Amino acid sequence: MDLLELRGKLDQIDEQIVRLYEERMEVCSQVADYKIETGKKVLDKSREEEKLRKVRSLAHNDFNAHGVQELFEQIMSMSRKLQYNKLAQTGAYGKLPFIAVDKLDLQGVRVVFQGAEGAYSQMAMLKYFGEDVNCFHVDTFRDAMCAIEEGSADYAVLPIENSTAGIVNEIYDLLVEFENYIVGEQIIKIEHCLMGLPGTSLEQIRTVYSHPQSLMQSARYLNAHDNWRQISIQNNAFAARKVSEDKDMSQAAIASEQAAKIYGLDILERGVNQSGTNSTRFIIITNQKVFLKDAKKVSLCLELPHESGSLYHMLSHFIYNNLNMTKIESRPIEERNWEYRFFIDFEGNLTDGAVKNALRGLREEARSMKILGNY
């Protein structure tokens, strides 16, 4: 046979495959109707595993067996999505425990931020809540989360991601641990300054204090001074306060210009972070499950079955529902070696049908899922 004849045969086979696929999906639609009536779950893991074993056994060699399994995994995945879609049409989503509001209640609220006066978190808070906000600060991210959980603060402002240094790992872990939720975000442009006691010269400096991410963001500048010892500290503002309190002219801090003003330090160099577009994204957290009606981003975390293809199948829910996933991060799960929790941001609102459909599928198929917020 020449190539045209072979392609003709493939076309004929493909037509049969499409016809049989549509026939199969019609039967799946009837299965969905039965499950809706009886309240059965869409995903029947044992049935799917049994089916995959059976179709593999029908193939005539190992290569085809592997291909058939992959093909039927996709076919069954589409069947599930059809069933989730039918559930959506009947309104059988189950209610999400989040309340849509026209605006956040910011009247008379108390806000907590991590760090000290002059911290970038404070700058983000003032930009989001206004200059007259009733606020206080704590030493650690955990302290801020506890303040929200126990009700001593209504909102917390915490850094979650820097455009140069990446994510703040601890915040992701705390979002899983605490029943607190993201309701907003604020992006702050970062310009790190090297500062010391009044009258200090660059030649006198031997030790530089700052937050680990700030040291990382300023690595190029710091590496040009290889005689300087770099010491990590919890917060940039803490670093500035330490230099001010220690009265040691061999010490310097990397922090904001505002921190230098607050602690009476001289700015020795401006813009020591190597990126002129360096920004940090801060999240606004509360212990209430609320979201703005015009919110456009959903954040969630997933724990997946520790098996081949599980992440692929989870992500297919975003593709099927035409949702734009803007971010994915992974964090190791404590006490479960080589297993990971995935954090995903995607565009959408919890009231959108496509979002509800995707969340229904994710919730059924993931080992666990938590919506971190819609903002």
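Everything quoted here is computed from the prediction, not taken from an experiment. Hydrogens, waters and symmetry mates are skipped; everything else that's a heavy atom, side chains included, is used.
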For residues 187-199, please give each side-chain donor-acceptor pair under 3.5 Å, one per line with the distance, not counting sequence neighbours.
from: K189; atom 1: NZ; to: G276; atom 2: O; distance (Å): 3.0
from: H192; atom 1: ND1; to: Y120; atom 2: OH; distance (Å): 3.1
from: H192; atom 1: NE2; to: Q217; atom 2: OE1; distance (Å): 2.6

Got a list of side-chain donor-acceptor pairs under 3.5 Å for residues 20-33, not counting sequence neighbours?
from: S29; atom 1: OG; to: K86; atom 2: NZ; distance (Å): 2.9
from: D33; atom 1: OD1; to: K86; atom 2: NZ; distance (Å): 2.7
from: D33; atom 1: OD2; to: K86; atom 2: NZ; distance (Å): 3.4

key: Contact list for residues 136-154, test salt bridge (charged side-chain N to carboxylate O under 4.0 Å, His left out), sequence neighbours left out   = R142-E177
inquiry  = Can you pull out every salt bridge (charged side-chain N to carboxylate O under 4.0 Å, His left out) where at least one residue sits in residues 267-281? Sequence neighbours excluded, please.
reply    = E161-R281, E185-R281, E257-R270, R281-D345
Going by heavy atoms in the side chains, are [X] and [Y] under 4.5 Å from each other?
| X | Y | result |
| --- | --- | --- |
| N273 | T164 | no |
| D173 | R331 | yes |
| L268 | I205 | yes |
| L58 | V68 | no |
| R19 | E15 | no |
| I254 | L222 | yes |
| E365 | M314 | yes |
| I371 | M369 | yes |

Determine whether the side chains of [X] and [Y] contain a donor N or O and an acceptor N or O closer than 3.5 Å.
| X | Y | answer |
| --- | --- | --- |
| S214 | N236 | yes |
| N287 | N180 | no |
| E329 | Y340 | no |
| S46 | D44 | yes |
| Q69 | E73 | yes |
| S316 | K81 | yes |

Near [X] [atom1], under 6.0 Å, is it more than 12 heavy atoms from other residues, nucleotides or ligands?
| X | atom1 | answer |
| --- | --- | --- |
| N322 | CG | no |
| N324 | CG | yes |
| L6 | CG | yes |
| R220 | CZ | no |
| N61 | CG | yes |

message = Which residues pass the side chain to side chain contact (heavy atoms under 4.5 Å, CB included) test with I17, not counting sequence neighbours?
response = I13, D14
inquiry  = Holding to side chain to side chain contact (heavy atoms under 4.5 Å, CB included), I want the full list of residues that pass it with K54, two or more places apart in sequence or in another chain.
reply    = none
Are [X] and [Y] ion-paired here, with the side-chain N under 4.0 Å from a carboxylate O?
| X | Y | result |
| --- | --- | --- |
| R336 | E303 | yes |
| E364 | R360 | yes |
| K45 | E307 | yes |

request  = Output the rest of the hydrophobic cluster of I148: all Ile, Leu, Val, Met, Phe, Trp and Tyr residues reachable through side-chain heavy-atom contacts under 4.5 Å, sorted by chain and number.
outcome  = V112, F136, V138
query = Taking the hydrophobic residues Ile, Leu, Val, Met, Phe, Trp and Tyr, and joining any pair whose side-chain heavy atoms are under 4.5 Å apart, which ones share a cluster with V176?
reply = F141, M145, L158, I160, I167, V168, I171, Y172, L174, L175, F178, I182, I283, I285, F343, L372, Y375
In residues 121-130, what donor-acceptor pairs under 3.5 Å come from side-chain atoms, sequence neighbours left out?
from: Q122; atom 1: OE1; to: G118; atom 2: N; distance (Å): 2.7
from: Q122; atom 1: NE2; to: E117; atom 2: OE1; distance (Å): 2.8

Short question: side chain of [X], backbone of [Y] - any donor-acceptor pair under 3.5 Å?
| X | Y | result |
| --- | --- | --- |
| E245 | K242 | no |
| N321 | H317 | yes |
| D246 | V243 | no |
| S310 | P305 | yes |
| K327 | I344 | no |
| N349 | T351 | yes |
| N374 | L350 | yes |
| K370 | S368 | no |
| N235 | A237 | yes |

inquiry  = Using the rule given for ring-ring contact (aromatic ring centres under 6.0 Å, His included), can you reason through Y320 versus Y84, listing the C-alpha separation, both sets of side-chain angles and the distance that settles it, and then say yes or no?
reply    = CA-CA 11 Å; Y320 177 82; Y84 296 136; 9.0 Å; no
query = Listed by chain and number, what are the salt bridge (charged side-chain N to carboxylate O under 4.0 Å, His left out) partners of R363, not counting sequence neighbours?
reply = none
State the [atom1]-[atom2] distance between [X] and [Y], to the nearest 0.5 angstrom.
| X | Y | atom1 | atom2 | value |
| --- | --- | --- | --- | --- |
| Q251 | L265 | CD | CG | 10.5 Å |
| F72 | L52 | CZ | CG | 9.0 Å |
| E5 | K9 | CD | NZ | 9.0 Å |
| L304 | E339 | CG | CD | 9.5 Å |

note = In short, ring pair (Phe, Tyr, Trp, His ring centres under 6.0 Å) pairs touching residues 247-280 with sequence neighbours left out are none
ask   = If you look at every heavy atom in R206 and E203, which pair is closest and at what distance?
value = NH1-O, 3.1 Å
request  = Could I get the full list of ring pair (Phe, Tyr, Trp, His ring centres under 6.0 Å) partners for H225, not counting sequence neighbours?
outcome  = Y221, W228
